[in-house]
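This is a predicted model, so every value here is computed, not measured. Throughout, protein chains are lettered first and strands after them, A, B, ... in sequence-line order, and every chain is numbered starting at 1.
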Protein chains: 2
Amino acid sequence: MAAGKGEGAGGDAGTGLSAGLETAWGLRERPSKGPRPGLSLDRIVDTGIRIAAAEGIDAVSMGRVAKELGVSTMSLYRYVSAKDDLYVLMQDAAAGAPPPRPASAAGWRAGLEWWAREQRAVFRRNLWLLRIPISSPPASPGSLEWMERGLEVLDGSGLDDGRKISVMMLVGGYVRNEVSLMADLDAAMRAQGVAPDEVMRRYARTVDALTSADPGRFPGVRRLLGAGVLDVPDADDAEFEFGLGRVLDGVAVLVEGRG
Amino acid sequence: MAAGKGEGAGGDAGTGLSAGLETAWGLRERPSKGPRPGLSLDRIVDTGIRIAAAEGIDAVSMGRVAKELGVSTMSLYRYVSAKDDLYVLMQDAAAGAPPPRPASAAGWRAGLEWWAREQRAVFRRNLWLLRIPISSPPASPGSLEWMERGLEVLDGSGLDDGRKISVMMLVGGYVRNEVSLMADLDAAMRAQGVAPDEVMRRYARTVDALTSADPGRFPGVRRLLGAGVLDVPDADDAEFEFGLGRVLDGVAVLVEGRG
DNA sequence: ACGGTAGTGCGTATGCCCTACGCAGTAACC
DNA sequence: GGTTACTGCGTAGGGCATACGCACTACCGT
């Protein structure tokens with residue numbers, strides 16, 4: 001773990017950021033002294049993302065990335081101060097900046113829906129994102145743009161800034177959590193090498209075996225088993241939209257002041 | 001990673017569970033043949049929990065647990081099939097079974113509030129719990145009891161079973177996510193060795209340094225900085241209760257059928 | 001033109017980590 | 001008393017991140 005020192009080799013401005021992140025913010029120009037670098041941050045980060053997308057975040061090791069690039073492991077440390085740094089850079093590159101808000105997403109509710117769905121899309125395109133341990137609050141260009149966009153969307157809600165942040169954390173957290181479950185299922189699938197619904201079916205069978213010995217202890221769970229509710233893998237979008245609808249209903253109560 | 005085989009050395013029933021979990025369910029009696037074990041699952045799991053509580057989940061390695069117990073690393077594998085197995089066992093032992101529901105928590109809303117707060121309390125007592133990668137759906141006795149209790153609480157809501165599960169995932173996810181942020185803050189604190197509010201203050205300073213160069217790009221964020229909203233570390237309970245209230249408001253809309 | 005120097009790639013080495021395998025010892029059963 | 005199932009654990013193999021230092025390169029100032 002550990003965000004490490006975080007400042008490393010003398011940050012330019014007093015940002016307290018790692019070398020890699022300052023580069024991402026464009027705060028570092030290449031010093032025109034030594035030999036021209038044979039590698040670039042972008043190539044490293046892209047390679048990391050490619051590996052993560054194909055084989056999961058655990059497959060991304062410094063050695064592996066280096067091998068993929070045909071360089072030695074230690075070369076990477078000229079560009080990245082530590083593995084965590086690479087992770088943050090990958091995260092930012094993959095998440096990128098939010099797309100422009102379409103005209104259809106007017107008003108706070110439609111706006112939040114757009115914001116949530118767009119974030120979900122990013123996560124779903126890069127399930128490994130959620131497996132990266134968060135080591136510090138969002139300080140990358142992309143993250144801040146997302147935050148900015150969220151604030152913008154809530155402008156018409158009449159909520160004060162503190163409330164806006166709270167609502168954004170609520171909605172953002174919901175999205176994150178929903179996709180997280182999906183990522184976990186994905187990981188289980190990879191590990192066992194079976195299809196998603198097969199994972200759920202096995203799970204239902206396991207729970208059945210465990211609770212059948214003492215049914216009185218788990219009446220509700222056994223009812224679920226009988227109805228086959230546990231077999232189905234959430235039907236994806238429907239489940240997400242259901243939860244999002246509930247959350248936004250709750251926000252609506254707040255906005256409309258009928259709390 | 002990887003839930004691995006999961007069945008290992010011939011599961012008793014067709015549960016498909018690891019050896020350790022079957023022991024937790026009481027499905028395995030000690031075979032009365034060889035020398036008496038000098039160790040016990042409980043001692044191993046307790047030691048793991050103690051280390052995790054004191055130094056975070058990353059400090060829990062097989063070697064470390066063994067050293068703490070004064071045995072060799074490999075001895076542990078007689079009791080636990082893999083490190084992931086130990087993690088699951090630790091999770092179950094720490095979460096335990098839900099306490100009995102008090103009379104004050106009558107009705108679905110008060111019931112869900114109780115359920116959510118109780119789960120949060122468990123997570124807060126064991127912040128490392130959230131750092132454990134979930135490798136499979138909940139199949140431990142404790143997890144199923146929590147699920148059972150959630151179903152029970154929603155009995156008076158008039159929702160069907162599918163909806164109940166959805167609502168439970170929504171609320172449970174909310175709790176999980178909220179405490180997760182706290183755990184991340186805790187980890188950052190540990191890593192940098194500073195107090196929580198100092199972490200936030202540094203963060204605010206970083207964001208300020210980054211966005212001050214081009215203020216027009218981040219008007220909302222800069223407004224937050226000016227108001228000092230980013231300095232404060234969420235005021236704990238208030239933030240949690242706010243989000244929970246919103247979520248339950250949303251559920252209420254569903255239950256009362258004014259969707 | 002030419003040394004100084006900062007920046008480069010990378011080999012080596014340290015110290016962790018998980019866990020497969022197999023051996024020697026032990027205690028109950030037949 | 002032998003069989004057998006089970007115990008603890010030593011050894012070893014294959015990862016991993018990264019500190020350190022060496023050889024080399026290309027620009028800068030003179």
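The interatomic distance linking A/Tyr77 (OH) with C/dT12 (C1') rounds to 15 Å, in whole Å. The interatomic distance linking A/Leu76 (CG) with C/dT8 (C1') rounds to 13 Å, in whole Å. Between the NZ atom of B/Lys83 and the P atom of D/dG15 there is a distance of 18 Å, rounded to whole Å.
The terminal axes of the helix from C/dA1-D/dT30 to C/dC30-D/dG1, fitted over 5 pairs per end, subtend an angle of 0° to the nearest 10°.
Ion pairing between a basic and an acidic side chain is recognised when a charged N comes within 4.0 Å of a carboxylate O; A/Arg64 and A/Glu55 show such pairing. Ion pair B/Arg50/B/Asp46 not flagged as a salt bridge, since none of the NZ, NE, NH1 or NH2 atoms sits closer than 4.0 Å to an Asp/Glu carboxylate oxygen.
Evaluation of the salt bridge (charged side-chain N to carboxylate O under 4.0 Å, His left out) test over residues 34-45 of chain A, restricted to residues two or more places apart or in two chains, returns none.
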Does the protein touch nucleotides 1-9 of chain D at the base, only the backbone, or not at all? Give it as B, S and - per nucleotide, heavy atoms under 4.0 Å. ----BBBBB
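Residues from residues 60-69 of chain B that place a heavy atom under 4.0 Å from any atom of DNA chain C, listed by number: B/Ser61, B/Met62, B/Gly63.
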Should B/Met169 and A/Glu178 be marked as a side chain to side chain contact (heavy atoms under 4.5 Å, CB included) after you check the CA-CA gap, both sets of side-chain angles, and the distance that decides it? CA-CA 9 Å; B/Met169 295 211 313; A/Glu178 200 268 350; over 6 Å; no
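Listed by chain and number, the residues in a side-chain contact (heavy atoms from CB on, under 4.5 Å) with B/Pro35 amount to none (sequence neighbours excluded). Considering only residues two or more places apart in sequence or on other chains, B/Tyr174 meets the ring-ring contact (aromatic ring centres under 6.0 Å, His included) condition with B/Phe240.
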